[in-house]
There are 2 protein chains.
Amino acid sequence: MKKATKTEIPRKTVYRLSVYLRCLHKLKLNKLQTVSSEALARAAGVKPTQLRKDLTYLGQFGIRGLGYDVEQLSQMITVHLGTNRLQPVILVGAGNLGNALLQYHGFEPEGFEIIAAFDQDPQRQRDKILRIPLHPMSKLPQIIQEFRVRMAILAVPAAAAQEVANALIDAGILGILNFAPIVPAVPEHVALNNVNLAIELENLSYFLKE
Amino acid sequence: MKKATKTEIPRKTVYRLSVYLRCLHKLKLNKLQTVSSEALARAAGVKPTQLRKDLTYLGQFGIRGLGYDVEQLSQMITVHLGTNRLQPVILVGAGNLGNALLQYHGFEPEGFEIIAAFDQDPQRQRDKILRIPLHPMSKLPQIIQEFRVRMAILAVPAAAAQEVANALIDAGILGILNFAPIVPAVPEHVALNNVNLAIELENLSYFLKE
DNA sequence: TTAAAGCTGTGAAAAAAGCCACTAAAACAG
DNA sequence: CTGTTTTAGTGGCTTTTTTCACAGCTTTAA
């Protein structure tokens with residue numbers, strides 16, 4: 001018997017869907033109309049069976065003997081990931097990493113725009129050329145409300161992370177991409193993704209094969 | 001029957017050990033001598049039972065009724081992760097993200113030093129102040145050999161990623177921390193960790209609860 | 001010394017993720 | 001048409017990861 005409620009997409013699958021989407025985008029640039037699970041899987045660094053299984057969560061629209069329609073598939077994934085509409089994002093902490101992220105234009109092609117940055121010291125901005133405004137922390141609630149911001153990038157030092165996270169949540173932020181080297185405690189209703197570059201390196205070093 | 005060879009530490013556990021290590025470091029700064037699994041787990045954002053289970057892979061040195069010795073535990077983890085000695089790292093690609101990472105000093109406290117950067121265009125460096133030398137790609141093999149570099153950070157555009165990855169591997173690199181928005185194919189003996197900031201954001205946005 | 005409370009260590013169960021073998025559909029070649 | 005090849009979809013097996021329940025040390029208090 002089929003479930004009445006639509007099945008939840010597994011966490012890992014959601015993550016991989018983003019990867020597939022990125023690969024499909026590249027294929028589109030190359031004017032490819034269709035792609036097989038094998039080719040796409042290789043591009044994404046996963047096994048073909050896993051790719052196919054992942055895609056079944058979105059329904060069936062592969063063509064047996066041929067593959068998937070690149071355009072259709074990428075639209076399908078986009079719809080499911082809910083990245084149709086542009087999402088405004090704010091960044092807190094204009095230190096080393098924060099500035100780096102501000103200068104990094106890799107978010108925009110994916111539908112995210114950093115509309116404002118915040119820092120304790122709003123004079124801190126070195127790169128005057130940046131077109132992203134830098135505000136003092138006190139303007140956080142106002143801007144979040146005004147632009148209906150739901151996600152924030154947290155790039156402050158460890159010591160400030162929890163406090164700033166609290167402020168963000170109080171102001172209505174629902175998702176935090178955390179670069180601070182501690183894991184802030186957040187209430188149930190807030191989504192949190194942690195990225196720690198040092199840990200990534202450390203982890204890599206463990207898996208070096210001699 | 002027990003395995004003769006010492007059991008492998010699970011992938012996920014290795015990753016979390018790094019997180020614990022970071023938390024322990026903070027505790028040390030606060031002059032705490034011991035910590036319970038519950039407290040440390042909360043700091044790391046995991047469940048206490050998971051923390052304890054993770055630690056059993058390193059042996060037993062918790063004290064029942066009391067907790068873990070902060071100093072001893074952090075040394076234990078350090079030894080197991082093999083981060084006793086400093087590791088030289090190189091960075092390839094001095095674009096937006098590459099420069100950002102060069103300016104980011106978060107690696108050094110964790111025992112990694114970016115000793116050199118490489119770019120197709122070695123004039124590219126904007127920040128003249130940087131004390132990290134920027135070399136042309138042609139010097140890759142020489143420097144990797146000279147400094148016995150085993151890990152590289154890859155921060156080049158998608159189009160160049162595979163080619164540069166190949167060059168790194170040919171020159172003897174054993175681990176790649178990849179920031180490029182594609183997953184390069186690497187041989188069996190090379191470890192690869194992928195970080196894609198855009199995907200992290202996209203992933204977060206999916207899990208926003210309304 | 002004894003009792004109570006606080007914690008760790010761990011086997012076993014449960015859940016999640018990954019993988020494979022096989023089925024079925026479509027395309028293609030002749 | 002017909003047979004062959006290519007490729008998606010899937011049930012369920014295997015492995016990995018997480019969680020649970022509880023046994024067993026340690027400390028503390030009286």
Side-chain angles (χ1 to χ4, degrees), chain A residues 1-3 6-20 23-24 27 32-74 76-77 183 203 206-207, chain B residues 1-3 5-20 23-24 27 32-70 72-74 76-77 80 183 203 207:
Chain A
M1 184 176 57
K2 253 214 177 143
K3 266 199 194 170
K6 80 175 163 205
T7 319
E8 283 276 299
I9 302 181
R11 231 190 132 69
K12 293 271 182 108
T13 294
V14 170
Y15 194 93
R16 283 191 298 264
L17 286 174
S18 290
V19 180
Y20 303 152
C23 296
L24 287 167
L27 294 175
L32 288 175
Q33 291 265 314
T34 60
V35 63
S36 71
S37 64
E38 191 175 325
L40 184 53
R42 190 170 40 246
V46 302
K47 305 232 161 139
T49 59
Q50 181 157 71
L51 167 62
R52 292 204 295 273
K53 186 138 224 173
D54 284 341
L55 293 185
T56 60
Y57 290 102
L58 313 188
Q60 321 173 356
F61 33 79
I63 302 164
R64 300 185 178 196
L66 184 58
Y68 298 90
D69 182 286
V70 172
E71 181 59 39
Q72 186 192 9
L73 182 54
S74 79
M76 221 53 155
I77 295 179
V183 179
N203 186 242
Y206 182 83
F207 286 104
Chain B
M1 185 173 59
K2 239 194 182 167
K3 267 198 193 170
T5 60
K6 80 174 165 207
T7 319
E8 284 276 298
I9 302 183
R11 229 191 133 69
K12 294 268 182 108
T13 295
V14 170
Y15 193 92
R16 283 191 299 263
L17 286 175
S18 289
V19 180
Y20 304 153
C23 296
L24 287 167
L27 294 176
L32 288 175
Q33 292 265 313
T34 59
V35 63
S36 71
S37 63
E38 190 175 327
L40 183 54
R42 191 170 40 245
V46 303
K47 306 228 163 140
T49 59
Q50 182 157 70
L51 167 62
R52 291 204 295 275
K53 184 125 225 175
D54 284 342
L55 294 185
T56 59
Y57 291 101
L58 313 189
Q60 324 171 356
F61 32 79
I63 302 165
R64 299 184 177 194
L66 185 58
Y68 299 88
D69 182 285
V70 172
Q72 186 193 8
L73 182 55
S74 79
M76 221 52 154
I77 295 179
H80 271 266
V183 179
N203 187 242
F207 287 104

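Throughout, protein chains are lettered first and strands after them, A, B, ... in sequence-line order, and every chain is numbered starting at 1.
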Round to the nearest Å and state the distance from [X] atom [atom1] to [N] atom [atom2].
| X | N | atom1 | atom2 | value |
| --- | --- | --- | --- | --- |
| B:L58 | C:dT8 | CG | P | 15 Å |
| A:L51 | D:dT10 | CG | C1' | 14 Å |
| B:K53 | D:dT16 | NZ | P | 15 Å |
| B:L73 | C:dT8 | CG | P | 11 Å |
| A:R11 | C:dA16 | CZ | P | 12 Å |
| A:Y57 | C:dG18 | OH | C1' | 11 Å |
| A:Q50 | D:dT7 | CD | P | 20 Å |
| B:F61 | C:dT10 | CZ | C1' | 15 Å |

Looking at every non-hydrogen atom in both residues, tell me the closest pair between [X] and [Y] and how far apart they are.
| X | Y | answer |
| --- | --- | --- |
| B:Y57 | B:I9 | CB-CG1, 4.1 Å |
| B:I77 | B:L58 | CG1-CD1, 3.7 Å |
| B:D69 | B:T34 | CA-CG2, 4.3 Å |

If you look at every strand shown and take non-hydrogen atoms under 4.0 Å, does [X] touch a base, only sugar-phosphate, or nothing?
| X | answer |
| --- | --- |
| A:P48 | nothing |
| B:Y15 | nothing |
| A:G62 | sugar-phosphate |
| A:T49 | base |

Can you measure from [atom1] ([X]) to [atom2] ([Y]) and round to the nearest 0.5 angstrom?
| X | Y | atom1 | atom2 | result |
| --- | --- | --- | --- | --- |
| A:L55 | A:Q60 | CG | CD | 11.0 Å |
| A:K47 | A:S37 | NZ | OG | 13.5 Å |
| B:L17 | B:M76 | CG | CE | 12.0 Å |

For this session: If a pair satisfies salt bridge (Lys or Arg N to Asp or Glu O under 4.0 Å) and one of its residues is in residues 34-44 of chain A, list it, with sequence neighbours excluded.
Result: A:E38-A:R42
Problem set entry | DNA chain D-proximal residues of residues 34-47 of chain A, any heavy atom under 4.0 Å | A:V35, A:S36, A:S37
Closest to the [X] side chain: [options]?
| X | options | answer |
| --- | --- | --- |
| A:R52 | C:dA21, D:dT26, C:dA26 | C:dA21 |
| B:R16 | D:dA8, D:dT18, D:dA23 | D:dT18 |
| B:T56 | C:dT10, D:dT27, D:dT17 | C:dT10 |
| B:Q60 | D:dA8, C:dT10, C:dT8 | C:dT10 |
| B:K12 | D:dT17, D:dA8, C:dA27 | D:dT17 |

Exercise. Just wondering, do B:D54 and B:V46 contact through their side chains at under 4.5 Å, heavy atoms?
Worked result: no
For this session: For A:G65 and for A:L55, locate the closest nucleotide of DNA chain D by heavy-atom distance; then report the residue assigned to the nucleotide nearer the 5' terminus.
Result: A:G65
Problem set entry | Degree of bending in the helix from C:dT1-D:dA30 to C:dG30-D:dC1 once both end axes are built from five pairs, to 10° | 20°
Problem set entry | Neighbour count above 12 (heavy atom, 6.0 Å) for B:Q33 CD | no
